[in-house]
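These numbers were taken from a predicted model, which means no experiment stands behind them. Throughout, a chain's letter reflects where its sequence line sits, starting with A, and its residues are numbered from 1.
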Number of protein chains: 2
Amino acid sequence: MTLIDDQNNSPCKDNCPCMDYCPLGSALSLIGGKWKIPILCALFQDGTTRFNELKRKIRGITNTMLASSLKELEEEGLISREQFMEMPLRVEYSLTDDCRDLMPILNQLAHWGAQVHITK
Amino acid sequence: MTLIDDQNNSPCKDNCPCMDYCPLGSALSLIGGKWKIPILCALFQDGTTRFNELKRKIRGITNTMLASSLKELEEEGLISREQFMEMPLRVEYSLTDDCRDLMPILNQLAHWGAQVHITK
DNA sequence: CAGAATCCGATGGGATACTG
DNA sequence: CAGTATCCCATCGGATTCTG
């Protein structure tokens, strides 16, 4: 496993670029794809949310993509799914604690993105 | 433009998920793709580096992908390219200041990635 | 309501060969 | 040495339809 270097603040260390296991690459892959960030942002801002409510809020997303993205995020441990045995069916999604730890970092990334954007 | 919310530490704000301009999405797109992180890590750790030297260090990358990734990174303002009119040709790549600002954030992301990895 | 199934086009990335 | 040009394939994402 490629360790993280706190000495020089490099994302990885030693034999980086990431020849075996790269924690940075794996972290980025968790939030990759077209719709995961919008989903996480929606859940972070509004808290627990139902499927169709998410679909309304995230403009342009289809059933297929919302369902598959939610399933991936759940498998990755970033969101949790709770299903209520009612009729009509109700399913609620929310962020996990792991994902809540991630949000401040993404916020810094957003700040950086806004910064480099205006300087060009 | 979607502003950044420092109050609740959300990556974006208001009408997020990111309907018009999303600084987080744009930041992530800058470092997306298969080879950009390895390239940035290599340049961060070893400093100014030549084309073929990068190719040797980043195992598995092809001429095509290295060249296109470097070109994109340069257009995005993350690396700078300096060409020396010698024979044989010499071209050196290095990180820009903008990109150096990014590395500590990526380091946090790597830490987070390592953390969630071991807890599962 | 909350999805799954299917199909299909676009994009990303690799292999190989060539060039100033 | 530092790339380009071509071709090819796999994966991603969208549209549509269907279901417990």
query = At under 4.0 Å between heavy atoms, what does Phe84(B) touch on the DNA or RNA strands: base, sugar-phosphate, or nothing?
reply = nothing
request  = Would you mind classifying the nucleic acid contact of Ser68(B) as base, sugar-phosphate or nothing, using non-hydrogen atoms under 4.0 angstrom?
outcome  = nothing
Counting just side-chain N and O atoms, does [X] come under 4.0 Å of either OP1 or OP2 of [N]?
X: Trp35(A); N: dG14(D); result: yes
X: Arg50(B); N: dC1(D); result: no
X: Arg90(B); N: dG3(D); result: no
X: Lys55(A); N: dG3(C); result: no

Counting side-chain heavy atoms from C-beta on, which of [options] comes nearest to [X]?
X: Lys34(A); options: dC1(D), dG14(D), dA2(C); result: dG14(D)
X: Met65(B); options: dG3(D), dG14(C), dA15(D); result: dG14(C)
X: Phe51(A); options: dA2(C), dA15(D), dG13(C); result: dA2(C)
X: Thr64(B); options: dC1(D), dT4(D), dG3(C); result: dT4(D)
X: Asn52(B); options: dC1(D), dG3(C), dG3(D); result: dC1(D)

inquiry  = Nearest heavy atom decides the nucleotide; on that basis, is Leu89(B) or Asn63(A) closer to the 5' end of DNA chain D?
reply    = Leu89(B)
request  = Locate the shortest heavy-atom distance separating Gly32(B) from Lys36(B); write the atom from each residue and the value.
outcome  = O-CD, 3.1 Å
request  = Check step by step if side chain to side chain contact (heavy atoms under 4.5 Å, CB included) holds for Leu73(B) and Tyr93(B).
outcome  = CA-CA 10 Å; Leu73(B) 286 169; Tyr93(B) 294 92; over 6 Å; no
For residues 82-91 of chain A, which side-chain N or O atoms pair as donor and acceptor with protein atoms under 3.5 Å away, sequence neighbours left out?
from: Gln83(A); atom 1: OE1; to: Arg81(A); atom 2: NH2; distance (Å): 2.1
from: Glu86(A); atom 1: OE1; to: Arg90(A); atom 2: NE; distance (Å): 3.2
from: Glu86(A); atom 1: OE2; to: Arg90(A); atom 2: NE; distance (Å): 3.4
from: Glu86(A); atom 1: OE2; to: Arg90(A); atom 2: NH2; distance (Å): 2.7
from: Arg90(A); atom 1: NH1; to: Glu92(A); atom 2: OE2; distance (Å): 2.8

query = Would you call Glu53(B) and Lys57(B) a salt bridge, using N to O less than 4.0 angstrom?
reply = yes
task = Please state how far atom CE in Met85(A) lies from atom P in dA2(C), giving the value in whole angstrom units.
result = 13 Å
